[in-house]
Structure formats: C-alpha cells, structure tokens
Amino acid sequence: MAPGPGSNILHADLDAFYASVEQVLDPSLQGRPMAVGGGVVLAASYQAKAFGITAGMAGWRARQLCPELVFVGGHFREYQRLGDAVMAILEDFTPLVERISIDEAFLDVAGSVHLFGPPERMAEDIRARVRAETGLAISVGVARTKHLAKIASQVAKPDGLVVVPLEREGDFLRPLPVGLIWGVGPATRARLAARGITTIGQLAKTDEAALQLLVGRAAGSKLSALAANIDPRSVVGGRRVSSVGAQSALGRRRASPDLVRTTLGYLVDRVGGRLRRSGRAGRTVTVRVRFPGMRTVSRSATLRQAVASTPTLTDVAVELALAALAGNPEETEVTLLAVSVSHLVDEPPTQLVLPFASRPGRLGPDEPDEETRRAVDASMDTIRARFGRQAVGFANVELSPVSRVPDEFRELAERGSGPPGSASPAPSSSRGAG
DNA sequence: TCTGGGGTCCTAGGACCC
DNA sequence: TCTGGGGTCCTAGGACCC
C-alpha cells in the first residue's frame, strides 16, 4: 500500500491572480487588456500581457504600450478572501499543502490516492472546483518532484494541466529554457547565456565545478542537481517567517534627518505591531536606504536581546539610517527607506529589552525605560484592535504622506508572520506565463 | 522624470575562540 | 619564533521570488 515513487506532487497556481479577480468582480473587464495598479502595474490580465505589459512596470510605460489599457484600483480584501478559498479547496484533497504565496501552493497527494483517485484526476477536480466556486482559472502541474511540478504548471498556463510521467521527465526538461528553473533570474540567465547555455538540457551537460565558478558554490550545486533532475525537497506546511520588514518608496526626497525619523517611525510602527501580534521579537535590525539610480546601502545591528517594542526599534533604526547617510555624504537624496527585523525568537509579552550590545548608555536617564515603552505599545495595540489602525499613531506620521500604497495592500503582502496555518500572501508573479 | 512591497538564501571578509 | 586549521557570529551586499 505504500505509495511508490510516482508523480504525486502537484503545483497549483492561479492565473494572473489579481487581474482575474477584477475580471470576475466586473465582467465588463473580461477579455480586455487591464491592469491592477496605477503608478505601477501590480498585475496584468493576459490580454494586457499580450502587449508586453508585466508586473512591476511603471504605469506610464504600460499606457505607452497599450493606450486602451484599463487600470483598476484593486480590491485587496477580495484577493485575500479568494486566495484563502482556493487554499481551502486544496486542503480538501490533502493536509500536505505548502502555501508559498497568496495564489500558489504545492500539494503532496501520495496519501490521498486511495480516496480521490490518481493525482491527475485530483488535478482535474481541483481545477473544476476552483472554477466553479470562485470563477478563477488555476493551472496545475503534476510530477514526481516540486521542481518538476512547478515547471509543469508554468508550462500549463494559461488555464491548463500538465502531467509529467516518470518515464518522460528527461524529455520534458531538456528543451525548456533555464529561466524556468526556480532561482534562475536575469543575472544568472545572462551568465549562463554567455557560456552558450540556454536550455536545461545544455545545463545538465555542464560540469558542476564550472557552474560553481560561474554562479557561486551553492547556486552551482543546486543548479547542477536540478538540471540533472535531482530534487530532494518535500512538501512542508506551517512554515514560519524568519524576518519581518516594511519599506516605503518615497520618490526623490532630500535626505534629511526629519524625513528619516518620520518614515522610519511609520515603518517601524507597522513592523513592531506585527511582531507583537505574532508573539515574536528580533535581535537584528537592518535598515536599507536606496538612492537615485537604484544604488542601495544597508546598515544592521544585532542586539544582545530580542526587541519588539516600537520606540526601541525606532531608536535603533533611525541611528542606523543616519549612519548609512553619513557614510554616503555624496548622496543628497533618497528614494526608498526600509527596515527589517530578523533573528526572530518567540517572546513572552512581558519581555524586558535593552538596546545595543556592548554599548552602554544608549538609554540615558532622560529616556523612558523599556517597561514604559512597552506599556505605550500595549495601549496603542489595544486601541487599534478595537478601533482600527488609524485611531491612534505618532502625530507626525499621521500627517505625512509617507505611504504611497494603501495599507490594505501592505497587509496583503505580509506573509505568514502569524501562527502556522494563517500564512498568506505576496503579490502576483511577473514571471512564468510571460 | 527610472519600478511596489514583503520575503528567502547565499557570499565574502573580519572578529573571535579553541 | 613563527605558523595552523576549524567553527561561529556578524556585517554588507546581491540575486531571486511572489
């Protein structure tokens, strides 16, 4: 009865997710080139993709490519709701569901065959149910490994099903472009192309040592194994995030301490709240600053104890950002600020926190102690839980147009920092169906 | 008037310890 | 007197994914 080595892994991936949801909500959008977003394309319908429009593209550029393009603002709550509904359908077929974004998941159905029939049949049933219950198209790949299944679903798009039988794996992989391999992006693709390697078949014939020289030790090994069709990864549910962060694009702004304080105040406020809500705290604080021209620098500090309080995190983040600016005096403007907290630990809500390791005196006598800070956090968290985010906040943050993106979108993009099973989101892909 | 926001993993060098 | 190897942690940066 033991399930043998068959094609038991499914990769299910909703097609052009955000755009498809909009077309379901407003049938007049069906069959038309449309995109979610405005200043930037968050997702494009297949009709828009036909004009070369991709996620991440500037809005004006998209309109250039397709003057009749329709932009819609986005119904972020609906994306969350429908994404969750689809995951619930998947979980009807197996408890082994590994959600990797709002619209995409791996399934291991080896243990469900006796209930629902062969994997191929389950894939068909999943597609039919998702279509019937949500109106959305979902493509599915069926294969022996996650790598093969993921590639199969990409090949299946749009609205398709591709099964890779055991005896045809090699034939399936060899002619495909290396860019379909998970982890091969523009940089790696370019390096491989420079050596004349464009297909997975060619990659498989390339010496591992040569690949390591080309793309690095770990990446070379991984690439070599995947090209040789070796993928030992299994489907695992309940992953937890290992860092929590937030960022804001600012346009071009003068790099003033005031801007840094205001922006990081807003960002850390979000990050701290998410940490506390999930009962976690972090030891390492990283701040990223982007300058005009996309050059990015970062500064990080690892504290002796994990921190989750907004005031402490803000102090550390502001200091790091100012250090980053001081280290780049030739840059007078910034285009983005980001903060992230990592080295996460589970933290009881009563923690006491001291800042920087081996830097005594950071909290001077005139500074509020950590206990006071946490009390302030706790009251704000409580008020917001009852009356919403906007009910209370740092005055200067509320008055400044720091965020160009609705909070709903930010919440959607947060991946499962909560308890296992509540994991979610990240926007749609720009790759794959291309 | 040059691209949103939230993540993961890897590398290379230096500090430090045994 | 000069010389070693291995492991861990930290920092800064890069590539990549959804």
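Numbered from 1 within each chain, the chains take letters A, B, ... in sequence-line order. For clarity, every value in this text was computed on a predicted model and none was experimentally measured. Just so it is clear, the values below take in all heavy atoms, side chains as well, and ignore hydrogens, waters and symmetry mates.
For A:Arg295, the CZ atom counts as densely surrounded, since its 6.0 Å shell holds more than 12 non-hydrogen atoms of other residues, nucleotides or ligands. For A:Arg233, the CZ atom sits in a packed shell: over 12 heavy atoms of surrounding residues, nucleotides or ligands are nearer than 6.0 Å.
Side-chain atoms of A:Ser278 come within 3.5 Å of backbone N or O of A:Leu275 as a donor-acceptor pair.
Closest contact between the side chain of A:Ser242 and the listed nucleotides C:dC10, C:dA15, B:dC9 involves B:dC9. Listed nucleotides C:dA12, B:dC9, C:dC17 differ in distance to A:Arg299; the shortest reach to its side chain belongs to C:dA12. Looking at the side chain of A:Ala246, the nearest of the listed nucleotides B:dT8, C:dA12, B:dG6 is B:dG6. Side-chain proximity of A:Ala249 to the nucleotides B:dG5, B:dT11, C:dG13 is greatest for B:dG5. The side chain of A:Ser298 lies closest to C:dG13, out of C:dG13, B:dC9, C:dC10. Between C:dA15, C:dC18, B:dC9, one nucleotide has an atom nearer to the side chain of A:Trp182 than all others, and that is C:dC18. Counting only heavy atoms from C-beta on, A:Trp60 has its side chain closest to B:dC2 among B:dC2, C:dC18, C:dG13.
Spacing between B:dT3 and C:dC16 at atom C1', rounded to whole Å, works out to 16 Å. Between the C1' atoms of C:dC18 and B:dT1, the separation comes to 28 Å (whole Å).
Checking the phosphate oxygens (OP1, OP2) of C:dT11, a side-chain nitrogen or oxygen of A:Thr302 falls inside 4.0 Å. The phosphate of C:dC16 (OP1 or OP2) has a side-chain N or O of A:Thr188 nearer than 4.0 angstrom. The phosphate of C:dC10 has OP1 or OP2 within less than 4.0 Å of a side-chain N or O from A:His343. Residue A:Arg189 places no side-chain N or O under 4.0 Å from the OP1 or OP2 atom of C:dA15. Remark: A:Arg217 is not in phosphate contact with B:dC10, judged by side-chain N or O atoms under 4.0 Å from OP1 or OP2.
Two residues, A:Gln247 and A:Arg252, neighbour DNA chain B, and the one matched to the more 5' nucleotide by heavy-atom proximity is A:Arg252. The residue among A:Gly216 and A:Arg290 whose nearest nucleotide of DNA chain B is located toward the 5' end is A:Arg290.
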Does the side chain to side chain contact (heavy atoms under 4.5 Å, CB included) test come out yes or no for A:Val86 and A:Ile126, once each step is laid out? CA-CA 9 Å; A:Val86 169; A:Ile126 285 168; over 6 Å; no
Evaluate A:Asp84 against A:Arg99 for salt bridge (charged side-chain N to carboxylate O under 4.0 Å, His left out), listing each step before the verdict. CA-CA 10 Å; A:Asp84 290 348; A:Arg99 187 175 190 173; 3.0 Å; yes
Can you check salt bridge (charged side-chain N to carboxylate O under 4.0 Å, His left out) on A:Arg32 and A:Glu68, steps first, answer last? CA-CA 9 Å; A:Arg32 297 172 63 186; A:Glu68 66 264 44; over 6 Å; no
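Across all strands, A:Pro292 comes closer than 4.0 Å to no nucleic acid atom at all (heavy-atom distances). Within 4.0 Å (heavy atoms only), A:Arg295 reaches no atom of the nucleic acid at all. At a threshold of 4.0 angstrom between heavy atoms, the contacts of A:Val297 are confined to the sugar-phosphate backbone, with no base atom among them.
The CG-P distance, from A:Leu344 to B:dC9, rounds to 12 Å in whole Å. We find that CZ of A:Arg288 is positioned 12 Å from C1' of B:dG4, with the value rounded to whole Å. Between the CD atom of A:Gln80 and the P atom of B:dG6 there is a distance of 14 Å, rounded to whole Å. Atom CD of A:Glu104 is separated from atom P of C:dC18 by 5 Å (rounded to the nearest Å). Distance NZ (A:Lys146) to C1' (B:dT8): 13 Å, rounded to an integer number of Å. As rounded to whole Å, 6 Å separates atom C1' of B:dT3 from atom CE of A:Met294. When the C1' atom of B:dG4 is taken as reference, atom CD1 of A:Ile53 falls 17 Å away, rounded to whole Å. If you take CD of A:Glu319 and P of C:dT11, they are 13 Å apart, rounded to a whole angstrom.
When Watson-Crick and G-U wobble pairs are counted only if both distances are under 3.5 Å, B:dC18 pairs with C:dG5.
Ring geometry, A:Phe106 versus A:His11: the interplanar angle falls from 30° to 60°, so the pair is classed tilted.
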